[in-house]
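Owing to the predicted nature of the structure, the values given are computational and were not obtained by experimental measurement.
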Amino acid sequence: MGHPVTLIRGDGIGPEVTEATKTVIDATGATIDWQIVDAGEAMMDQYGTPLPQHVLDAIRTTKTALKGPITTPIGSGFRSVNVEIRKQLNLYANVRPAKLIPGVKSYFHGLNVDLVIVRENTEDLYAGIEFERTTLEAAEARQFLSRLSGQLIRDDAAIGIKPISVLGSRQIVEFAFKHATVTGRKKVTAVHKANIMKYTDGLFLEVAREVAKDFPNIQFEDLIVDNMCMQLMQNPGTYDVLVMPNLYGDILSDLCAGITGGLGVAPGANVGREYAVFEAIHGSAPQIAGLNQANPTALILSGVLMLQHLGEVEAAAKLEKAVATVIAEQKQVTADLAPEGIEPVGTREMAEAIATAMA
């Protein structure tokens, strides 16, 4: 028997890029027992939800999932299908590598950019504790918070609450240091705004400094988030593992994707104590769905992360090398990767080229 993995095809370009990823993972020689399920807009008519219970049950059974992009239907009960999966499975760590690949268009070529953002996934403003400005709850929250803080909160203000806990901070920082240790990285940078948010980000920073003492072989530093943005634009090659609360991680991961060539080559993973879900961080691009035009690189590289997670280290390295080879050759890549004057290929053809490069 192979490794059991739930394959969620998603919608939009999801079925195409998941099939491409399945093709190349199977070509590595790793034995995967794929359990294929569907989620997304197409499930609404049958189940009344884009995330049927049997999809979550399948992940709980296999412990590991590879997920194509999913569209969150407008007006549905979920703020985000992706956020709901993370919440239901307690996937507290979001891992987003950012690595320059020769052949991918970037203003930063020539620099050794190879870093990982570790983003807390369950707290911060993304916890979704909000009060719409016209509600009684918002009025009560404004009054309470005005009294508590001694600061005037305007009567027309909506309210959002930012929880940062010791447990949430400790488990994400420990995850970052353990990831650095296992992958041979040398430095962890904690990103915060503790100079202004002294009790929330201040708590995160305090816990990060405590955890760092348990990992004396890993260099530790901290940077204020606005300074971090500037440093990434000026010196991205000097950073290794960045760990931060949820909102900053969402913003900086897209910044780093921009540095390394865009969302089309940006992989991601959501990891908890029991389960792990691997996904590209781009959307479902319904405008090109079914046209065999989607770049499968981001989900394929997410598959590399999945193979590493499953202990298939050689297969992961072989696949990552094949992706780099095909992109560097620039002959069998999709339109967003093809240089001027080179006829692009489709999603399937690029996957086949990557599979051939491993033969």
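Nearest heavy-atom pair across Pro50 and Val81 is CG-CG2, 3.6 Å. What you find for Ala298 and Ala280 is that their closest heavy atoms are CB-CB, 3.6 Å. When all heavy atoms are compared, the tightest approach of Asp226 to Ile224 is OD1-CG2, 2.7 Å. Pairing each heavy atom of Gln231 with each of Tyr239, the nearest pair is CB-OH, 3.3 Å. In this structure, Gly40 and Asp11 approach most closely via the heavy-atom pair CA-OD2, 3.2 Å. Here the closest non-hydrogen pair linking Ala324 and Ile101 is CA-CG2, 4.2 Å.
Residues Arg96 and Ile281 form a side-chain contact, since some pair of their non-hydrogen atoms from C-beta on lies under 4.5 Å apart. Between Asn295 and His282 there is no side-chain heavy-atom pair separated by less than 4.5 Å. Looking at Leu310 and Val5, their side chains come closer than 4.5 Å, going by heavy atoms from C-beta outward. Lys63 places a side-chain heavy atom less than 4.5 Å from the side chain of Glu274. The closest side-chain heavy-atom distance from Gln219 to Val188 is not below 4.5 Å. At a threshold of 4.5 Å between non-hydrogen side-chain atoms, the residues Val323 and Glu320 do not count as touching. Two residues are said to be in side-chain contact when any heavy atoms from C-beta on lie closer than 4.5 Å; Thr122 and Lys87 fail this criterion. Counting heavy atoms from C-beta outward, Lys193 and Ile196 have side chains that approach closer than 4.5 Å.
Cluster membership check: Leu247 does not share its hydrophobic cluster with Ile129, using side-chain heavy-atom separations under 4.5 Å among Ile, Leu, Val, Met, Phe, Trp and Tyr. Following chains of ILVMFWY side-chain contacts shorter than 4.5 Å, one can reach Leu299 starting from Leu291, so the two form part of one hydrophobic cluster. Hydrophobic clustering, with ILVMFWY side chains joined whenever heavy atoms are under 4.5 angstrom apart, keeps Val116 apart from Val225. Clustering ILVMFWY residues whenever any of their side-chain heavy atoms sit less than 4.5 angstrom apart, transitively, puts Ile70 in the very cluster that holds Val277. Connection of Leu56 to Val37 is established within a shared hydrophobic cluster, with ILVMFWY side chains joined at heavy-atom distances below 4.5 Å, either directly or through further cluster members.
A side-chain N or O of Asp33 and one of Gln35 form a donor-acceptor pair less than 3.5 Å apart. Defined by atom type and a distance below 3.5 Å, a donor-acceptor pair is present between the side-chain atoms of Thr134 and Glu132.
No donor-acceptor distance shorter than 3.5 angstrom exists from the side chain of His3 to the backbone of Glu312, with no hydrogens or angles considered. Formation of a donor-acceptor pair under 3.5 Å by the Thr347 side chain with backbone atoms of Ala294 is found in this model. Side-chain atoms of Asn112 never come within 3.5 Å of backbone atoms of Gly237 as a donor-acceptor pair (strictly under, hydrogens ignored). Remark: side-chain polar atoms of Glu123 are paired, donor with acceptor, to backbone N or O of Ser165 under 3.5 angstrom. Using modelled atom types, one side-chain atom of Arg142 and one backbone atom of Ala157 make a donor-acceptor pair closer than 3.5 Å. Listed for the Ser302 side chain is a donor-acceptor partner under 3.5 Å among the backbone atoms of Gly268. Glu120 contributes no side-chain N or O that, together with a main-chain N or O of Gly168, makes up a donor-acceptor pair within less than 3.5 Å.
Atoms NZ and NE2, from Lys198 and His192 in turn, are 11.0 Å apart once rounded to the nearest 0.5 Å. The OG atom of Ser253 sits 6.5 Å away from atom CG of Asn94, with the distance rounded to the nearest 0.5 Å. Residue Ser169 holds its OG atom at 10.0 Å from CG of Leu205, rounded to the nearest 0.5 Å. Taken to the nearest 0.5 Å, the CG atom of Leu319 stands 10.0 Å off from the CD atom of Gln308. The structure places CG of Asn90 at 14.0 Å from CD1 of Ile85, a figure rounded to the nearest 0.5 Å. Taking CG of Leu232 as the reference point, atom OG1 of Thr238 lies at 8.0 Å (rounded to 0.5 Å).
In this structure, Arg170 pairs ionically with Glu210, as a charged nitrogen and a carboxylate oxygen lie closer than 4.0 Å. Taking the charged nitrogens against the carboxylate oxygens, Arg9 and Glu16 have no contact shorter than 4.0 Å, which rules out a salt bridge. Taking 4.0 Å as the cut-off between side-chain N and carboxylate O, Arg86 and Glu279 count as a salt-bridged pair. Note on Asp336 versus Lys105: no salt bridge recorded, every NZ/NE/NH1/NH2 to OD/OE distance being 4.0 Å or above.
Counting only residues at least two apart or in different chains, salt bridge (Lys or Arg N to Asp or Glu O under 4.0 Å) contacts with residues 152-162 comprise Asp124-Lys162, Lys162-Asp201.
Annotation: cation-pi geometry not satisfied between Lys67 and Phe278 (NZ/CZ under 6.0 angstrom from ring centroid, within 45° of ring axis). Judged by the 6.0 Å distance and 45° axis criteria, Arg119 is positioned over the aromatic ring of Tyr126.
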query: What's the verdict on salt bridge (charged side-chain N to carboxylate O under 4.0 Å, His left out) for Arg185 and Asp240, showing C-alpha distance, side-chain angles and the deciding distance?
result: CA-CA 7 Å; Arg185 293 180 177 270; Asp240 213 352; 2.6 Å; yes

query: Is there a side chain to side chain donor-acceptor pair (under 3.5 Å) between Glu221 and Thr189 once you walk through the steps?
result: CA-CA 5 Å; Glu221 64 178 2; Thr189 304; 2.8 Å; yes

- request: Let me see the working for His54 and Tyr47 under ring pair (Phe, Tyr, Trp, His ring centres under 6.0 Å), right down to the final yes or no.
  value: CA-CA 10 Å; His54 70 263; Tyr47 296 100; 5.2 Å; yes

Evaluation steps, side-chain contact (heavy atoms from CB on, under 4.5 Å), between Leu252 and Met228: CA-CA 9 Å; Leu252 289 188; Met228 184 79 257; 3.8 Å; yes

task: With side-chain contact (heavy atoms from CB on, under 4.5 Å) as the test, would you mind laying out the steps for Ile159 and Glu130 before giving the verdict?
output: CA-CA 6 Å; Ile159 301 292; Glu130 291 189 294; over 6 Å; no

task: Kindly determine whether Asn121 and Asn270 satisfy side chain to side chain donor-acceptor pair (under 3.5 Å), including the steps that lead there.
output: CA-CA 8 Å; Asn121 236 358; Asn270 297 286; 2.9 Å; yes

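Within 6.0 Å of CD on Glu137 lie more than 12 heavy atoms contributed by other residues, nucleotides or ligands. More than 12 heavy atoms of other shown residues, nucleotides or ligands fall within 6.0 angstrom of atom CD in Gln234.
Ring pair Phe175/Tyr92 is perpendicular by interplanar angle, where above 60° counts as perpendicular and below 30° as parallel.
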Under 3.5 Å donor-acceptor pairs involving side-chain atoms of residues 255-265, not counting sequence neighbours:
{"from": "Thr260", "atom 1": "OG1", "to": "Cys256", "atom 2": "O", "distance (Å)": "3.0"}
{"from": "Thr260", "atom 1": "OG1", "to": "Ala257", "atom 2": "O", "distance (Å)": "3.3"}

Return all side-chain donor-acceptor pairs below 3.5 angstrom for residues 348-359, not counting sequence neighbours, or 'none' if the list is empty.
{"from": "Glu349", "atom 1": "OE1", "to": "Asn292", "atom 2": "ND2", "distance (Å)": "3.0"}
{"from": "Glu349", "atom 1": "OE1", "to": "Gly346", "atom 2": "N", "distance (Å)": "3.2"}
{"from": "Thr356", "atom 1": "OG1", "to": "Glu352", "atom 2": "O", "distance (Å)": "2.9"}

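Just one residue in the list Thr6, Asp26, Thr62 forms a side chain to side chain donor-acceptor pair (under 3.5 Å) with Trp34, and that residue is Asp26.
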